[in-house]
Amino acid sequence: KGVTPYFLLAAFLWEPVRALAAAKMEQGAAESVAYQEAGSEVISRQLKSTAFPKRVGLSMREVWNLQARFEKRTGVRPHKLLTHPRFRAAYDFLLLRSETGQADSELAEWWTRFQEADEKEQLKMTRTSWKRSGRQRRPRRNFQGKARQNPIDT
């Protein structure tokens, strides 16, 4: 398979992006914001020595930013991620990270199985039970913001 220039540059520049994002997260930045800012800084530094079109830089940023989205495997998020134009490049990048020990190999295996599964199996894979997630359901509220009462209780 062919390799695009943005994929190669994304791979070569990943370590500085990852290190800079980690530093920003230690300072209190949210993960997505930290990676976006780190990607912008690394690309602007690289442009001083290597010229590449803006579309290459944008594609690199997309591949980097999609890495965090692979962690979210419940609900509709995985299905939306599959339809992203840069999904395949980001997935291949996740596999590379997994092989080098930077990403969880179980995560890479899950995404491989998810792509190969039929629709019914995909729904099973993305379903979460309230008991397993540790979250409790909040009572439903009516249009006025008041909690609904169970008719049996009244």
Side-chain angles (χ1 to χ4, degrees), residues 1-130 132-138 141 143 145:
K1 294 182 180 180
V3 178
T4 61
Y6 76 82
F7 186 85
L8 283 175
L9 286 169
F12 291 144
L13 297 175
W14 173 248
E15 187 55 32
V17 169
R18 191 194 59 75
L20 191 55
K24 290 180 179 293
M25 285 186 281
E26 283 180 13
Q27 295 173 355
E31 183 180 23
S32 61
V33 173
Y35 275 101
Q36 288 172 2
E37 290 177 358
S40 294
E41 283 184 43
V42 169
I43 287 173
S44 67
R45 279 191 238 149
Q46 188 63 37
L47 281 171
K48 293 176 183 172
S49 60
T50 309
F52 49 84
K54 188 175 184 176
R55 63 182 161 77
V56 170
L58 291 173
S59 297
M60 288 174 13
R61 281 191 190 114
E62 284 182 312
V63 169
W64 293 331
N65 291 335
L66 289 175
Q67 297 307 300
R69 289 179 56 184
F70 283 114
E71 299 286 335
K72 297 168 180 70
R73 297 181 275 174
T74 58
V76 298
R77 289 177 177 157
H79 299 281
K80 287 183 179 182
L81 187 53
L82 273 179
T83 63
H84 193 282
R86 300 276 181 259
F87 170 79
R88 186 61 201 195
Y91 168 72
D92 289 342
F93 194 68
L94 173 68
L95 292 179
L96 281 176
R97 291 179 50 230
S98 171
E99 289 177 15
T100 61
Q102 289 187 4
D104 186 14
S105 61
E106 189 273 327
L107 179 67
E109 290 170 15
W110 187 93
W111 277 98
T112 302
R113 286 192 324 269
F114 184 74
Q115 291 177 73
E116 296 168 353
D118 62 3
E119 190 175 329
K120 187 176 179 181
E121 184 63 26
Q122 285 181 343
L123 287 173
K124 279 185 191 176
M125 293 174 74
T126 58
R127 192 177 310 135
T128 182
S129 112
W130 287 100
R132 275 193 293 138
S133 68
R135 294 170 30 194
Q136 295 180 357
R137 286 184 180 245
R138 288 190 275 167
R141 304 209 176 264
F143 67 94

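Note that the structure is predicted; figures quoted are calculated from it, not measured.
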Please give me the minimum heavy-atom distance between [X] and [Y], naming the atom from each residue.
X    : Y    : result
S59  : R86  : OG-NH2, 3.0 Å
H79  : T126 : NE2-OG1, 3.8 Å
A108 : L95  : CB-CD2, 3.7 Å

Are T74 and R127 close enough that some pair of their side-chain heavy atoms sits under 4.5 Å apart? no
Q67 and R97, any side-chain heavy atoms less than 4.5 Å apart: yes
Donor-acceptor side-chain pairing of Q102 and W14 below 3.5 angstrom: yes
May I have the list of side-chain donor-acceptor pairs in residues 17-42 shorter than 3.5 Å, sequence neighbours left out?
from	atom 1	to	atom 2	distance (Å)
R18	NE	E15	OE1	3.3
R18	NH2	E15	OE2	2.5
K24	NZ	E41	OE2	2.8
S40	OG	Q36	O	3.2

Would you give the length of the straight line joining atom [atom1] of [X] to atom [atom2] of [Y], rounded to the nearest 0.5 angstrom?
X   : Y   : atom1 : atom2 : answer
L94 : F87 : CG    : CZ    : 8.5 Å
L82 : H84 : CG    : NE2   : 12.0 Å
R69 : K80 : CZ    : NZ    : 8.5 Å

I'd like to know if the side chain of E121 reaches the main chain of F114, judged simply by a donor and an acceptor atom lying under 3.5 Å from each other, with no hydrogens or angles considered. no
Examine distances only and state if a side-chain atom of T50 and a backbone atom of L47 form a donor-acceptor pair shorter than 3.5 Å. no
Using the side-chain hydrogen bond (donor to acceptor under 3.5 Å, both in side chains) rule, collect all pairs that involve residues 107-119, keeping only residues at least two apart or in two chains. Y91-T112
For the pair Y6 and V63, evaluate side-chain contact (heavy atoms from CB on, under 4.5 Å) and give the outcome as yes or no after the intermediate values. CA-CA 9 Å; Y6 76 82; V63 169; 3.8 Å; yes
Ring-plane angle category for F7 and F93, please: parallel below 30°, perpendicular beyond 60°, tilted otherwise. perpendicular
After noting the C-alpha distance and the side-chain angles of Q46 and L13, does the key distance pass the side-chain contact (heavy atoms from CB on, under 4.5 Å) rule? CA-CA 9 Å; Q46 188 63 37; L13 297 175; 3.5 Å; yes
Please determine if R73 and E106 form a salt bridge, counting it only when a charged side-chain N lies under 4.0 Å from a carboxylate O. yes
A quick test of your reading: do over 12 heavy atoms of other residues, nucleotides or ligands sit less than 6.0 Å from CZ of F52? yes
